[in-house]
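Following: one structure in structure tokens, then a few remarks.
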2 protein chains.
Amino acid sequence: MERARTASPDALRLSAWLPYRLFIVAARIARPLETFYGERFGLSQAAWRILAIIAERTGASASEIGQACALDPFAVSRGIGQLVERGFARRATARSDRRFAAVSITARGRAAFDEIASLGRVIEADLLASLSSAEREVIDGMLRKLEGESARIESAGWRALQERAGR
Amino acid sequence: MERARTASPDALRLSAWLPYRLFIVAARIARPLETFYGERFGLSQAAWRILAIIAERTGASASEIGQACALDPFAVSRGIGQLVERGFARRATARSDRRFAAVSITARGRAAFDEIASLGRVIEADLLASLSSAEREVIDGMLRKLEGESARIESAGWRALQERAGR
DNA sequence: GTCATATACTTGCATATTGCAATTAATTGC
DNA sequence: GCAATTAATTGCAATATGCAAGTATATGAC
């Protein structure tokens, strides 16, 4: 009688698989922050990201925002709607080309952003503090490479992966 | 007349904020893989994660699974349901304590897992190949620290963050 | 000029996903 | 034996998401 089968040594183990590990860290961090801005300001994750973009670059268009925070046009439109509803942003049309929106942050929006960002900075500081100075030195470059490589993987799509998976 | 306001130098910039950068990498990688197992096998992200867990540890209970892949009991139950529906897993009750489920992988489930995992391994290899050997050497330890620190941040909750945000 | 085409964004609606209360089933403590 | 606890599931309401269609503006052909 055979015992419960255990995976072969080179099999993919979720807890050791790099993308899953990145995902877990990102998800754990996002949770408390999301709870905060959700309860305190009634914002969705999309709205928070948009707020962060217009805090940095007020007057951005919807497509610029989508580009900057990886949201599709529908999500951007709804996120802006949520911000406007709560008095955190204003919608206007761009002067040059009136098809474009010009989304600007209000004083209340900036106050909310500052409050959320201050928690965000604590989180980042905690994460960095847990690393050695050598690790802190390489993390930026490493993330830059991972950002580039992941963009390539995404744009190549799963068919490209499958061809190279050799099976 | 004042120009569009630009954020102060120490303000949080989304694109440079560590948690957001981790999230972006994880999200970009997840997308093509998710499309693959969604189209090919009709699996949700939760079901794929559960499949990976039972591939490694067949006969796991729902709570073990939830623990191992960061899903709440509802999501686990639904994910198992999806796997069973597609013939990738079997539900049984544990012999010792019959409140517990014992979820085992089927041959078809293992075949699907192997197919998905082979793409997963290509992704991981690509990511690692984009790094220098020095970076590859530190990444494991670094992730371990980030996993630990993010777990602390999550369990402490947003109130703890706010107290330390000093505002 | 004007008419077809393209672009930017928004809205409505059908569908999926999620969150949570309530339920079932089994076990444990007293 | 029976209240309390635990594991898992189900039903349903709330929410989010995907996408077709709509509005408004701009551009290019002629």
Side-chain angles (χ1 to χ4, degrees), chain A residues 23 27 30-32 34-39 41-51 53-54 57-86 89-104, chain B residues 23 27 30-32 34-35 37-39 41-51 53-54 57-86 89-104 154:
Chain A
F23 168 82
R31 224 126 35 196
E34 213 169 325
T35 306
F36 174 69
Y37 59 65
E39 289 180 2
F41 302 114
L43 297 180
S44 63
Q45 209 209 60
W48 148 243
R49 285 202 245 164
I50 294 166
L51 185 65
I53 297 301
I54 60 174
R57 223 185 315 155
T58 199
S61 71
S63 37
E64 276 183 277
I65 292 169
Q67 178 67 30
C69 62
L71 293 171
D72 64 57
F74 308 108
V76 173
S77 178
R78 283 164 175 148
I80 294 168
Q82 200 174 69
L83 291 172
V84 170
E85 214 171 63
R86 281 155 186 74
R90 259 186 311 267
R91 258 192 244 257
T93 54
R95 278 206 267 166
S96 52
D97 186 333
R98 308 188 342 136
R99 289 172 301 182
F100 289 82
V103 185
S104 50
Chain B
F23 168 82
R31 224 128 32 196
E34 215 169 323
T35 306
Y37 58 66
E39 288 180 3
F41 302 115
L43 297 179
S44 64
Q45 208 208 60
W48 147 243
R49 286 201 244 165
I50 294 167
L51 185 65
I53 297 301
I54 62 173
R57 221 186 315 155
T58 197
S61 70
S63 37
E64 274 183 278
I65 292 169
Q67 180 67 31
C69 61
L71 292 170
D72 64 58
F74 309 109
V76 173
S77 178
R78 284 166 176 148
I80 294 169
Q82 200 173 71
L83 291 173
V84 171
E85 214 170 64
R86 281 154 185 74
R90 259 185 313 269
R91 259 192 245 257
T93 54
R95 278 205 268 166
S96 53
D97 186 333
R98 308 186 343 132
R99 288 172 303 183
F100 288 81
V103 185
S104 49
E154 185 184 12

* To do: Answer with base, sugar-phosphate or nothing: what part of the nucleic acid does B:S44 contact at a heavy-atom distance below 4.0 Å?
  =>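 The residue B:S44 makes no contact with any strand.
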
* Would you mind classifying the nucleic acid contact of B:S61 as base, sugar-phosphate or nothing, using non-hydrogen atoms under 4.0 angstrom? =>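 Since only primed, P, OP1 and OP2 atoms lie under 4.0 Å of B:S61, the category is sugar-phosphate.
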
* Excluding sequence neighbours, so at least two apart, what forms salt bridge (charged side-chain N to carboxylate O under 4.0 Å, His left out) with B:R99? -> B:D97

* **Residue list, salt bridge (charged side-chain N to carboxylate O under 4.0 Å, His left out) with B:R31, at least two apart or on another chain** => A:E154

Atom [atom1] of [X] to atom [atom2] of [N]: distance rounded to whole Å?
X: A:I80; N: C:dA8; atom1: CD1; atom2: P; result: 14 Å
X: B:Q82; N: C:dT18; atom1: CD; atom2: P; result: 11 Å
X: A:L71; N: D:dA16; atom1: CG; atom2: P; result: 14 Å
X: A:Q45; N: C:dT18; atom1: CD; atom2: C1'; result: 15 Å
X: B:F100; N: C:dT24; atom1: CZ; atom2: C1'; result: 16 Å
X: A:L83; N: C:dT10; atom1: CG; atom2: P; result: 12 Å
X: A:E64; N: C:dT7; atom1: CD; atom2: P; result: 18 Å

* Quick one: do the B:R49 and B:Q45 side chains pair a donor with an acceptor below 3.5 Å? ->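 B:Q45 and B:R49 do have a side-chain donor-acceptor pair below 3.5 Å.
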
* Can you name the side chain to side chain contact (heavy atoms under 4.5 Å, CB included) partners of A:E64, sequence neighbours left out? -> A:R57, A:A60, A:S61

* **Residue A:D72, side-chain atoms from C-beta onward, closest of C:dC9, D:dG18, D:dA7** =>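 Closest nucleotide among those given: D:dG18.
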
Quick one: which protein N/O atoms are closer than 3.5 Å to N/O atoms of nucleotides 11-15 of chain C? Pair and distance per line, please.
{"from": "C:dG12", "atom 1": "O6", "to": "A:R78", "atom 2": "NH2", "distance (Å)": "2.4"}
{"from": "C:dC13", "atom 1": "N4", "to": "A:R78", "atom 2": "NH2", "distance (Å)": "3.4"}

Which pair of heavy atoms, one from [X] and one from [Y], lies closest together, and at what distance?
X: A:A62; Y: A:A101; result: N-CB, 4.3 Å
X: B:A89; Y: B:I54; result: CB-CD1, 3.8 Å
X: B:Q82; Y: B:S44; result: OE1-N, 2.9 Å

* Asked: Using a cut-off of less than 4.0 Å, is there contact between a side-chain N or O of A:S63 and OP1 or OP2 of C:dC9?
  -> yes

* **Verdict with supporting geometry, A:R90 and A:V103, side chain to side chain contact (heavy atoms under 4.5 Å, CB included)** => CA-CA 6 Å; A:R90 259 186 311 267; A:V103 185; over 6 Å; no

Mind listing the side-chain donor-acceptor pairs of residues 70-81 of chain B below 3.5 Å, one per line with the distance, residues two or more places apart or on another chain?
{"from": "B:D72", "atom 1": "OD1", "to": "B:F74", "atom 2": "N", "distance (Å)": "3.0"}
{"from": "B:D72", "atom 1": "OD1", "to": "B:A75", "atom 2": "N", "distance (Å)": "2.8"}

Would you list the protein and nucleotides 26-30 of chain C atom pairs, both N or O, that sit under 3.5 Å from each other?
{"from": "C:dA26", "atom 1": "OP1", "to": "B:R98", "atom 2": "NH2", "distance (Å)": "3.0"}
{"from": "C:dT27", "atom 1": "OP1", "to": "B:R98", "atom 2": "N", "distance (Å)": "3.3"}

